[in-house]
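Worksheet: the structure to be examined is printed underneath.
Just the heavy atoms: all of them, side chains too, but no hydrogens, waters or symmetry mates, feed the values below. Per chain, numbering begins at 1; letters A, B, ... match sequence-line order.
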There are 2 protein chains.
Amino acid sequence: MTSSESGVDQPWNQQRLRSSNERMLLERLRATPASRAQLARETGLSKPTVSSALASLEAAGLVREAGHHTPERGRAAVLYAPDPSAGYALGIDIGRAWLRVALADLDGTVVARKDVRNRARTSGAMADLVVATAHQVVAGSDVVPADVVHAVVGTPGVYDPAVRRVRYALHLPGWGRAGLFDRMREELGVPLAVHNDANLAAVGEHAFGVGAGSRLFVYVMIGTGLGMGIVADGRPFTGASGAAGEIGFLPWNDRAPDTLEDAVSAEAVVRTARALGMTGTLTAKSVFEAARAGEAAAVGAVRQEGERLAHTVSAVAAVLDPELVVLGGGVGHSADLLLQTVRDTLRRLTPLRPKVAASALGEDAVLLGAVATAMGRARDVVFAQRA
Amino acid sequence: MTSSESGVDQPWNQQRLRSSNERMLLERLRATPASRAQLARETGLSKPTVSSALASLEAAGLVREAGHHTPERGRAAVLYAPDPSAGYALGIDIGRAWLRVALADLDGTVVARKDVRNRARTSGAMADLVVATAHQVVAGSDVVPADVVHAVVGTPGVYDPAVRRVRYALHLPGWGRAGLFDRMREELGVPLAVHNDANLAAVGEHAFGVGAGSRLFVYVMIGTGLGMGIVADGRPFTGASGAAGEIGFLPWNDRAPDTLEDAVSAEAVVRTARALGMTGTLTAKSVFEAARAGEAAAVGAVRQEGERLAHTVSAVAAVLDPELVVLGGGVGHSADLLLQTVRDTLRRLTPLRPKVAASALGEDAVLLGAVATAMGRARDVVFAQRA
DNA sequence: CGCTCTTAGTAAGGGAACTTAACTTAAGCA
DNA sequence: TGCTTAAGTTAAGTTCCCTTACTAAGAGCG
C-alpha cells in the first residue's frame, strides 16, 4: 500500500485555529494594506474575529496602522500593514571574488549592505571575514543586533546538514572542512542556514527578478563553473541529495571526454576565442566586449557558447519542462549577446522551447536570494515567537 | 516584492477544525487499525475528542470496527479501521495494444479487472470501447455503480485541461480530437481525469512497486517510445506545461540527427541487432531472449541499449538528482539484462549515481498508477461528501 | 468469588475562538 | 443639525476542544 505520508500531523486545537487565522491575515496584509472590514470581506472571517486577531498582531508588534482610507460615503477606515521592522534578516554571498552581506527587513528592503573583495587565503580566514563583515553591516545600520533573526549563506557546493559541512566545493580549498559553519553560527550569534549559490540565485530571481510569478523556472549560472538552480512553486527544488541542477555533469559529447562544465564555463569562451585566432590576455569579459564590437573571432566564440548553452537548455527542458530559463552568473551580464543564438539553436534542437531571458539581478542574484530566503525564515520565526 | 502566493486561503472556523481532525484520524487509521485511546495518545487529541470524531466518521460510513485488541493488562480495546467500501475508483490504461480497466476500493485493492486487446480503428471506437469495458467491469463486480466515485485514464501524450484534449499523442491517430474525453466522461457518468501514461506508471510504482517510500524518483518507460514519469514527495511532477519527462527530446548525438527516442526505443534494439548480424523476423523481445541465450549479436545490441540508457539516466541525474531510477515499459520485463550495463556505464559517465532498479509492476504500472490516482481522489471526495 | 490493578472509554463542566445580530462611531452632505 | 453610509465594537450564542473525574471491562491473585 501507499503509506508514504504516514506521519500524523499536529492536531488542530483552538490555539492553532487562532494562530492560523492570524497568519492568514498577516500574509494578506503583505500584499497591500487593508482595513478590518475589508479583511473580513476578503477572508470570510467575521468582523469581530478580524478585529481581535489584528489587535493581537498589533500588540505583538507584527502589524501597525498605515493611514486611513475614506470610502465614497461613510466612516473612514483604519488601514493596517505589516511592520517590516519586526525583525531583520542577513543574506550572505560567499563568492570566489567577492563577499557580499546585506541586512533586510521583513519586507525584503535592504537597509544595510557591504561588499568586500575576497582576499582570504584559508577557509578559517574566510569564515572570520564573513563574521566580521556581518557584524559591521549590522553595526552600520540602525538595527538592534537582537532584532536580527536569521541568516542565510550562499556558497558553491552542497551543504549537508547531517554532517554540517559543504561537499563538492571544488574551487574553494578547505571549504569542506567540518565545523566551519558551526563556528560562524556561534560567532555570529544568529541562526544560520547554508544553501547552494545557484539555488539561491534562482530564489533571488524569483523573489525580485525576472522569474517573479513563475511557477517553475531555472536559473543557469555560468561563470567559473556551471550550475543551475530550480524554483518550483516558489520553493527551491534540490533533489534527493541536494545535487539537482548540477548540470556541469550533463553528458555532453562522446568524442571528447571533457565535461559540459569545461565546455560552457567562462574559460571555455576564452579557449574558443583563442582557437579562432584571438590573441593577447583574454578574459571572458574581454571576449564578450570584442564580440560586441564585431570582432569575428570573438563573435564566433560567443556563438559557440550560445550553441552549447542551447544544448544544455534543451536537456533541461526535456527533463523538467520549465516555464522560463534565466541565464546568469559571471557571464550573465553578457547574456543579451547569447540570447538570440540560444533561442535560434533551441528552435533547431527541440520542440520544447521554454522562454529564455537574461538575469535581471546580475551579480546580486545570489545575495538577494539569500536575503529572500532568510527573510522568509525570519517571518516565520517572528510570527512564531510573538507573545 | 515577492508576493507570489498572495492567494488568501480559506479561513479556519470550527467546522474546518473538526473536519481537519477527522481527516487526520482517518489518515492515521489507514496505516493500521487503532483504538480510541491509542489514537488519542498518538495524535495529541484528547480521548473525548477522538471518541466524538470517530463516532462521526462511523456514522458517515467511513470507518468501522475492526476487531479488538487485549493489552497486557486492562480492558480490551475496540479497534477501528477505514471502511474500504465507502467508495470505489476506476483506473483505465489506454495502451497501444491493450486496454486495461480496474476497479479498486479505497484501500487500493482491485476488486474487478478486465483487459481487452485494443483493436479499435478510430478514436471514437476506442472511446466507446473504454466506456463499454468500464461498465462491464463495474457490472461484473458487487459494487453499486453509484459508489464509483472517480476515474483516471492513462494515455500517451499530454492532456491539456484548458482545451480538454490530448496533445503530442503521436502514435494514436485521432486521439487529439476535441470532445473525446468529454464524451467518455458523460457516458461513463463518473468524474474522469486524464493523465500521461509515464507519469501514472511512476505513480503506480511509487504506490505499489519498487519506488515505495522514495521521496524523489523517476520511472523510465521504454517501449514504442521513450518517456519518463517523475514523482516528487509523493506527487507527480509534470513541469510547467505537462511535458516534464519528455526525454525522447533529450539531445543525443550531434553527428546523427535522430532523436534519443529513436535511439533507445524498442525498435532501436532490433535495428542494432540487425546491424550486428542478426537475421530473421526480430522483435525487441526476441532480441532480449537471444541475448539471454548468449547470442553474440543480441548481447551486443542489449549492451548498446544499456549504454544509451545510461547516457539518458546520467542526464536526468544531473538535472533532477533522483534517489532512484526505475526502468519499465515494454522493455521493462528484460530490465534485468540491462541493469548491469546501465550501472557500469553510469559509473564511467558521472559521479551522480542514483540507484537503478527494474520495474516491479511490469505491464501493470500504468493501470495501477491510474488506480492509485483515482483512489486518492476518491478518498478526498468521499471524505468531503460525508454527511 | 471478590479484590485490586490497569487500561478503555464516557460524562460533565469549562474555556477558547468563532459567528450573528445589534449597536455605536465617524465621515460626508444637505 | 440631522440623514445616510460604512467601519468597527459589544453582547449573546454556538461549536468544538480540553480537563477532570468517573464508569467499564479484562486479568491475576488470595
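B:Asn21 places its CG atom 18 Å from the P atom of C:dA16, with the value rounded to the nearest Å. Summarising the geometry, the separation between CD on B:Glu42 and P on C:dA8 is reported as 12 Å, rounded to the nearest angstrom. Atom CG of B:Asn13 and atom P of D:dC17 are 12 Å apart (whole Å). D:dC17 atom C1' lies 17 Å from atom CZ of B:Arg16, rounded to whole Å. Regarding A:Gln15, its CD atom lies at a distance of 9 Å from the C1' atom of D:dC17, rounded to whole Å. Nucleotide C:dA8 holds its C1' atom 12 Å from the NE2 atom of B:His68, rounded to whole Å. Whole-Å rounding puts the A:Leu54 CG to C:dA17 C1' distance at 16 Å. As rounded to whole Å, 11 Å separates atom P of C:dT7 from atom NE2 of B:His69.
By the side chain to side chain contact (heavy atoms under 4.5 Å, CB included) test, A:Ser52 pairs with A:Arg18, sequence neighbours left out.
At least one side-chain nitrogen or oxygen of B:Thr49 sits closer than 4.0 Å to the OP1 or OP2 atom of D:dC18. In terms of phosphate contacts, B:Arg73 brings a side-chain nitrogen or oxygen within less than 4.0 Å of OP1 or OP2 of C:dT7. Regarding contacts with the backbone of D:dT9, a side-chain N or O of A:Ser51 is found under 4.0 angstrom from either OP1 or OP2. Regarding contacts with the backbone of C:dG9, a side-chain N or O of B:Ser35 is found under 4.0 angstrom from either OP1 or OP2. For the pair B:Arg75 and D:dA24, the criterion of a side-chain N or O lying under 4.0 Å from OP1 or OP2 is not met.
With no hydrogens or angles considered, no side-chain donor-acceptor pair links B:Thr109 and B:Asp107 at under 3.5 Å. Checked by atom type, the side-chain pair A:Tyr80/A:Arg36 shows a donor-acceptor distance below 3.5 Å.
Between A:Glu72 and B:Leu79, the residue whose closest nucleotide on DNA chain C is further toward the 5' end is B:Leu79. Toward the 5' end of DNA chain D, the nearer of the two residues A:Gln14 and A:Gln38, judged by each one's closest nucleotide, is A:Gln38. Heavy-atom distances to DNA chain C give each of A:Pro48 and A:Pro71 a nearest nucleotide, and the one nearer the 5′ end belongs to A:Pro48.
Nearest to the side-chain atoms of B:Arg18 among the listed nucleotides D:dT9, D:dC17, C:dC18 stands D:dC17.
Side-chain atoms of A:Glu205 come within 3.5 Å of backbone atoms of A:Ala360 as a donor-acceptor pair (strictly under, hydrogens ignored).
Using a 4.0 Å heavy-atom criterion, one finds that A:Val78 contacts the sugar-phosphate atoms exclusively.
In this structure, B:Tyr159 and B:Phe181 have perpendicular ring planes: the angle between them is above 60°, well past the 30° mark.
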